[in-house]
Amino acid sequence: MKQIAAMPGITATATVCDNLALYGGGPDRDEFDTREVWDRSEAEFALTEAVSIMVRGVTIEGTQLHDELEPLLWGFANMLHAQVQRLDRIVNRLVPEMRDLERAQDGTEIAALELQKLTDRAHNLDRRRDAFETLRDTAADIYSRHTGETWRPRHGSHTSQTRALTSAAIDARDFLRARRDRRNSAHLPAGTLVAIAGGKGVSDTGIVWATLDNARAKYADMVLVHGGGPGTEKIAASWAEARGVHQIVCRPNWDAHGRAAPFRRNDDLLNLLPKGIIAFPGTGITANLVDKARQLGIPVHRVMPGSG
């Protein structure tokens, strides 16, 4: 335990006891941590109650703040998602240090104890990460119930190690990295890649769903590839979620490529080598994707409104 300075007239023992009563006790960084990681039922109950209070007391229906319900609920889940990512980064930084300590083992008790402490810290951080992921998934479920939409992070992938998601959404860059490193199976869903593209003006949910159902009837192991945009791609994402089909999302990188981002995104999508492209009416960006796909010999199936 860390030494806590006693106030004048109060013994050090009394000061320590008072602090333990107020804040609880915890080990130093060089001590083993034997505490429970979390109380799952209490944490999930507290999260649900916190969101319920926010919905009832802040975003009251009939007020202007009700219009902010969707971004507030999204941000709540994203806050927990950010915590998962932070803990992932910390554990990843510990891995090389653990490898160095493993190589440096010389049979002495001091070296072995140092490795044990670091391993214990890494395992505890990993379990904390899983706890926050569970809470994030709970918040994502609440978001879905209130908005009717599936929660996704703005960037990167939405996968879960602690439960099987109905439909994991993998960022295309993560997928390409995973393809180069087969050990990273979490970012490499197995199956036949089928891409879909189209403009935001497409609103016929029935024809999009029917077209994708036909594609899945042909490729039972289908993995859907799309750009994560509005209209056609948003409808396709909802289809994948409902059907339990994994998704690979190729979003434009506006910060890196500016106005060329959608066209560079098309290149990234085609680099995945999908089995075929389903093309609904769209802008010149969709036309660019279709032209490039045909040049690469990738089949393109055009769907026009009313064509079925």
Does some side-chain heavy atom of H123 sit less than 4.5 Å from a side-chain heavy atom of D120? no

Can you tell if the side chain of V290 reaches within under 4.5 Å of the side chain of R302, non-hydrogen atoms only? yes

I want to check something: taking the side chain as every heavy atom from C-beta on, are V84 and L80 in contact at a cut-off of under 4.5 Å? no

Measuring only between side-chain heavy atoms, which start at C-beta, is F263 closer than 4.5 Å to P252? no

Restricting to side-chain hydrogen bond (donor to acceptor under 3.5 Å, both in side chains), what partner residues turn up for T63, sequence neighbours left out? none

Check this for me: does any side-chain nitrogen of one of D267 and K292 sit under 4.0 Å from a carboxylate oxygen of the other? yes

State, yes or no, whether a side-chain contact exists between L273 and L193 at a heavy-atom distance under 4.5 Å. no

Which value, rounded to the nearest 0.5 Å, describes the distance between R264 atom CZ and N253 atom CG? 9.0 Å

Do any pairs count as a side chain to side chain donor-acceptor pair (under 3.5 Å) and have a residue in residues 275-284, sequence neighbours left out, and if so which ones? none

Could you tell me whether the side chain of W239 reaches within less than 4.5 Å of the side chain of D213, counting heavy atoms only? yes

Are R121 and N124 close enough that a side-chain donor and a side-chain acceptor fall under 3.5 Å? no

Smallest heavy-atom separation, T59 atom then H66 atom, equals O-ND1, 3.2 Å

Just wondering, do M304 and P281 contact through their side chains at under 4.5 Å, heavy atoms? yes

Side chain to side chain contact (heavy atoms under 4.5 Å, CB included) with R216: which of T211, L224, V245? V245

CZ of F280 to CD1 of I196: how many Å apart, nearest 0.5 Å? 5.0 Å

Euclidean distance, Y143 OH relative to W74 CH2, rounded to 0.5 Å: 8.5 Å

Is the closest side-chain heavy-atom distance between K200 and E233 below 4.5 Å? no

Contacts of D221 meeting side-chain hydrogen bond (donor to acceptor under 3.5 Å, both in side chains) (sequence neighbours excluded), chain-then-number -> T192

Rounding to 0.5 Å, atoms CZ (F76) and OG1 (T138) come to a distance of 11.0 Å

Checking I298, V223, I248 against P274 for side chain to side chain contact (heavy atoms under 4.5 Å, CB included), the one that qualifies is I298

Do N288 and N266 meet the criterion of a side-chain donor-acceptor pair at a distance under 3.5 Å? yes

Can any side-chain N or O of N78 pair as donor or acceptor with the backbone N or O of H81 at less than 3.5 Å? no

Any donor and acceptor pair, going by atom type alone, linking the side chain of S52 with main-chain N or O of T48 inside 3.5 Å? yes

